[in-house]
Every structure is written in C-alpha cells, then in structure tokens.
Amino acid sequence: MQEILAKLTQQFSRNAHDELARGMEAYMKNRFVFYGIQAENRRKIATPFLLQLRKNYLADYRDIIWYWWQQDQREQQYTALDFLSYTQKLWNEDDVYFIEQLIVEKSWWDTVDGLATNGMGFLLKKFPHLFQRVRFWAESDNMWLQRTAIIFQMKYKLQTQQDVLYQNIEMHAHSKEFFIQKAIGWSLREYAKYNPESVRQFVQTRDLPALSIREVKKTLKSL
C-alpha cells in the first residue's frame, strides 16, 4: 500500500507546474500549497493508482485517506475525496467521527462541501439515527461543522428533513460569516426546487441575511 501511495506522490511531483500552482494558491487565498495540476489531469494521473488501492486495500480506506490528508499539497486532499467515493459501501456508524475529523482538518469550502454532502449526506441516509449528531455540528464553535449542519441534506430533494434544515438555519441566521450566510442561501435555494411554498413562507417570516436571500432568489424569483 505504501509503495502505491509513494509512486502516486512521485507522479504528482513530476507533473508539477509552478505557474499553475501560483494561480491555484492565489485562488485559495494562499491557504494551501499546490502542485499546479488541474483536475482533469490530476484524475488521469491518479486513477490507475486509485484502482490498485481499491482492488487490494479498500478495507484500509481510513489509513489511505488520512495519509493523503496529512500531505502538504492540496491535490492530495482532492485525491482523498475521489477515493472516498469508492468506499461508501464499507462505511459504518463510526465513520461519522472520521468524516468530522476530515472536515475540521485543513478546512476550506473546496473539501468541506463534498465531505458534507457526499460524505455526511450519504452516511446519515444509511444510518438515520445519526441525525442526532447534527445538533452537535450546529452547536459547535467550528464554522465548518456549522456549515455541514446546514448543507448536508443538499441532495435529499423531497427526502429533506425540513424541520432539521430550518432549525439549523434559524440557529445561525444572524451569523456574520460569509460561508454560513452562503450555506443558508444555498441550502434553501436547492430545497426550493422541490418545496417552493414552504421555502417561500420560511424566508418571508424570518430575518435572514441579504446574501442568503439573494441566493434563494436564484430559484424563487419572487419573495
């Protein structure tokens, strides 16, 4: 397993592009370093290695993903997210803590949103009793866990637990954080595609940030 991981890192290093890396780092507010490998090329490089890992070491998915999470270059975390999608059938209830750890380590929207929707969103559908964990995220001091509590149902459509969504939004309706205001609008905008009247009534009877309302209006033109 370690040999495969090391060989993939070597391939990333060989394909590094300094000029592209500077642009990617600037886009991410210089929070992370990059090899400078764009998504399509990154997946082309990584796929043969991911398939080897999937075939021979899938049961070690936590160790593999955590290895990538500890590397400096952001492309390593993106590769971890790609591999995570292979592992969903193996997930158990304890993976809620593993995914939480990924959310709060090296946090930014580019990893958190996928972990929230494809990670926690899938896991809580598989184990509905884990919905009790959502309260912990919503009440956490960690902004990214708060964002997770608001957006994890983004792909649930009519299966959205409306009371959970609205409760978490109300809890953070006066937040000054851009990423929370955006999450509120984003989640309501998406849910409005399936239950527009409920969202319209909710928005009209709550004091929500202007940024959030602008997002909702992308689906509900009249509020």
Side-chain angles (χ1 to χ4, degrees), residues 1-2 4-13 15-18 20-43 45-47 49-50 53 57 60-88 90-91 94-124 133-134 136-152 154 172 175 177-183 186-187:
M1 183 178 79
Q2 291 297 328
I4 297 172
L5 294 171
K7 286 182 177 179
L8 175 54
T9 296
Q10 290 173 2
Q11 288 300 313
F12 279 154
S13 296
N15 286 270
H17 191 296
D18 290 345
L20 289 176
R22 287 194 294 272
M24 292 175 175
E25 289 163 5
Y27 182 67
M28 288 295 167
K29 310 294 186 184
N30 293 307
R31 290 177 174 270
F32 309 102
V33 296
F34 282 78
Y35 287 113
I37 305 173
Q38 295 175 322
E40 183 177 355
N41 193 30
R42 183 191 79 244
R43 290 194 173 102
I45 294 167
T47 294
F49 298 95
L50 298 192
L53 292 167
Y57 300 103
D60 298 313
Y61 64 91
R62 290 184 185 175
D63 291 337
I64 292 169
I65 289 166
W66 190 243
Y67 168 86
W68 283 320
W69 221 258
Q70 296 309 298
Q71 305 309 304
D72 291 334
Q73 292 81 4
R74 197 59 165 170
E75 288 92 342
Q76 299 268 17
Q77 283 88 68
Y78 298 157
T79 301
L81 294 180
D82 288 342
F83 189 72
L84 189 67
S85 67
Y86 292 159
T87 70
Q88 290 177 328
L90 298 180
W91 290 358
D94 288 340
D95 280 300
V96 70
Y97 305 110
F98 179 58
I99 298 174
E100 280 178 10
Q101 189 175 17
L102 298 178
I103 288 171
V104 301
E105 293 271 348
K106 300 192 174 181
S107 309
W108 201 243
W109 64 266
D110 57 331
T111 55
V112 169
D113 290 359
L115 290 167
T117 57
N118 298 325
M120 291 304 192
F122 179 90
L123 189 64
L124 269 63
R133 192 66 179 169
V134 177
F136 168 77
W137 307 336
E139 294 178 348
S140 168
D141 292 334
N142 186 288
M143 178 187 70
W144 299 107
L145 288 176
Q146 295 171 9
R147 182 173 168 97
T148 296
I150 294 168
I151 69 172
F152 79 96
M154 286 279 294
H172 298 287
S175 173
E177 291 284 356
F178 169 84
F179 288 108
I180 297 300
Q181 294 185 4
K182 195 78 171 178
W186 190 24
S187 59

Asker: Using the test side chain to side chain contact (heavy atoms under 4.5 Å, CB included), find all partners of Ala26 that sit at least two apart in sequence or belong to another chain.
Answerer: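 Scan of Ala26 (side chain to side chain contact (heavy atoms under 4.5 Å, CB included), adjacent residues dropped) gives none.
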
Asker: Quick one: which of Val134, Asn118, Leu123 gives a side-chain contact (heavy atoms from CB on, under 4.5 Å) with Phe152?
Answerer: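 Running side-chain contact (heavy atoms from CB on, under 4.5 Å) over Val134, Asn118, Leu123 with Phe152 returns exactly one hit, Val134.
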
Asker: Do Gln73 and Phe34 have side chains that approach each other closer than 4.5 Å (heavy atoms only, starting at C-beta)?
Answerer: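 With C-beta onward as the side chain, the pair stays apart.
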
Asker: What is the ring orientation for Phe98 with Tyr61, classed by angle as parallel under 30°, tilted 30 to 60°, or perpendicular over 60°?
Answerer: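 Rings of Phe98 and Tyr61: perpendicular, over 60°.
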
Asker: Which pair of heavy atoms, one from Ile150 and one from Ala183, lies closest together, and at what distance?
Answerer: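 The answer is CG2-O, 3.5 Å.
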
Asker: Report the distance from atom CG of Leu90 to atom CG of Asp95, rounding to the nearest 0.5 Å.
Answerer: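 Between atom CG of Leu90 and atom CG of Asp95 there are 8.5 Å.
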
Asker: For Gln11, is the CD atom crowded, meaning more than 12 foreign heavy atoms sit under 6.0 Å from it?
Answerer: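 Count over threshold, so yes.
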
Asker: Say you draw a straight line from CG of Leu84 to CG of Leu102; how long is it, rounded to the nearest 0.5 Å?
Answerer: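 Between atom CG of Leu84 and atom CG of Leu102 there are 7.0 Å.
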
Asker: Working to the nearest 0.5 angstrom, can you tell me the gap between Gln70 CD and Ile65 CD1?
Answerer: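 Separation between the atoms: 12.5 Å.
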
Asker: Heavy-atom distance under 4.5 Å between the side chains of His172 and Arg147, does that happen here?
Answerer: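 With C-beta onward as the side chain, the pair stays apart.
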
Asker: Is the shortest side-chain heavy-atom distance between Asp60 and Trp66 below 4.5 Å?
Answerer: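 In short, these two side chains do not touch, never coming nearer than 4.5 Å.
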
Asker: Which atom pair, heavy atoms only, marks the closest approach of Met28 to Trp109?
Answerer: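 Where Met28 meets Trp109 most closely, the heavy atoms are CE-CZ2, 3.5 Å.
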
Asker: Are side-chain heavy atoms of Leu81 and Thr111 found at a separation under 4.5 Å?
Answerer: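 When only atoms from C-beta onward are counted, Thr111 and Leu81 do touch, with a gap below 4.5 Å.
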
Asker: How long is the span from the CG atom in Leu145 to the OG atom in Ser107, to the nearest 0.5 Å?
Answerer: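 One gets 8.0 Å once the value is rounded to the nearest 0.5 Å.
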
Asker: What pair of heavy atoms forms the shortest contact from Val96 to Met120, and how long is it?
Answerer: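 Where Val96 meets Met120 most closely, the heavy atoms are O-CE, 3.2 Å.
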
Asker: State, with a plain yes or no, whether a side-chain heavy atom of Leu8 is found less than 4.5 Å away from one of Ile4.
Answerer: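 Side-chain contact under 4.5 Å: no.
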
Asker: Using side chain to side chain contact (heavy atoms under 4.5 Å, CB included), reason through Trp91 and Gln88 one step at a time and then give a plain yes or no.
Answerer: CA-CA 5 Å; Trp91 290 358; Gln88 290 177 328; 3.6 Å; yes

Asker: Closest approach of Lys106 and Gln71, non-hydrogen atoms and distance?
Answerer: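 Residues Lys106 and Gln71, closest heavy atoms: NZ-O, 2.5 Å.
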
Asker: Do Phe32 and Gln76 come within less than 4.5 Å of each other through their side chains, counting heavy atoms only?
Answerer: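 No, their side chains stay 4.5 Å or more apart.
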
Asker: Would you call Glu100 and Arg133 a salt bridge, using N to O less than 4.0 angstrom?
Answerer: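 Yes, Glu100 and Arg133 are salt-bridged.
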
Asker: Dump the intermediate steps for side chain to side chain contact (heavy atoms under 4.5 Å, CB included) on Arg74 and Trp108, then the final yes or no.
Answerer: CA-CA 11 Å; Arg74 197 59 165 170; Trp108 201 243; 3.8 Å; yes

Asker: Does Gln146 reach the main-chain N or O of Trp137 with its side chain, forming a donor-acceptor pair under 3.5 Å?
Answerer: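 Pair absent, no side-chain N/O of Gln146 close to backbone of Trp137.
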
Asker: So which atom in Leu50 and which in Phe83 form the shortest heavy-atom distance, rounded to 0.1 Å?
Answerer: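 Minimum heavy-atom contact is O-CE1, 3.8 Å.
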
Asker: What I'd like to find out is whether the side chain of Leu53 reaches to under 4.5 Å of the side chain of Leu5, using heavy atoms alone.
Answerer: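 Side chain of Leu53 against side chain of Leu5, heavy atoms only: contact under 4.5 Å found.
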
Asker: If we ignore angles and hydrogens, is there a donor and acceptor under 3.5 Å between the side chains of Asp110 and Tyr78?
Answerer: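 Note: Asp110 and Tyr78 side chains meet the donor-acceptor criterion.
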
Asker: Taking atom CZ of Phe136 and atom OG1 of Thr148, what is their separation to the nearest 0.5 Å?
Answerer: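 With rounding to 0.5 Å, CZ (Phe136) is 11.0 Å from OG1 (Thr148).
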
Asker: First locate atom CG of Asn15, then atom CD1 of Ile45, and finally report the distance between them rounded to the nearest 0.5 Å.
Answerer: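 Going from the CG atom of Asn15 to the CD1 atom of Ile45 covers 3.5 Å.
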
Asker: What's the verdict on side chain to side chain contact (heavy atoms under 4.5 Å, CB included) for Asp94 and Tyr97, showing C-alpha distance, side-chain angles and the deciding distance?
Answerer: CA-CA 6 Å; Asp94 288 340; Tyr97 305 110; 4.1 Å; yes

Asker: Take the angle between the ring planes of Tyr35 and Phe12 and call it parallel below 30°, perpendicular above 60°, tilted in between.
Answerer: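 The rings of Tyr35 and Phe12 sit tilted, inter-plane angle from 30° to 60°.
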
Asker: Taking side chain as C-beta onward, heavy atoms only, is Asp113 less than 4.5 Å from Met154?
Answerer: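 They are not in side-chain contact.
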
Asker: Just checking Glu40: does its CD atom have more than 12 heavy atoms from other residues, nucleotides or ligands closer to it than 6.0 angstrom?
Answerer: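 Counting other residues, nucleotides and ligands, CD of Glu40 stays at 12 neighbours or fewer.
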
Asker: Which heavy atom in Glu75 sits nearest to a heavy atom in Val33, and how many Å separate them?
Answerer: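 That would be OE1-O, 4.5 Å.
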
Asker: When the ring planes of Phe179 and Trp144 are compared, do they come out parallel, tilted or perpendicular, using 30° and 60° as the limits?
Answerer: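 Rings of Phe179 and Trp144: tilted, 30 to 60°.
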
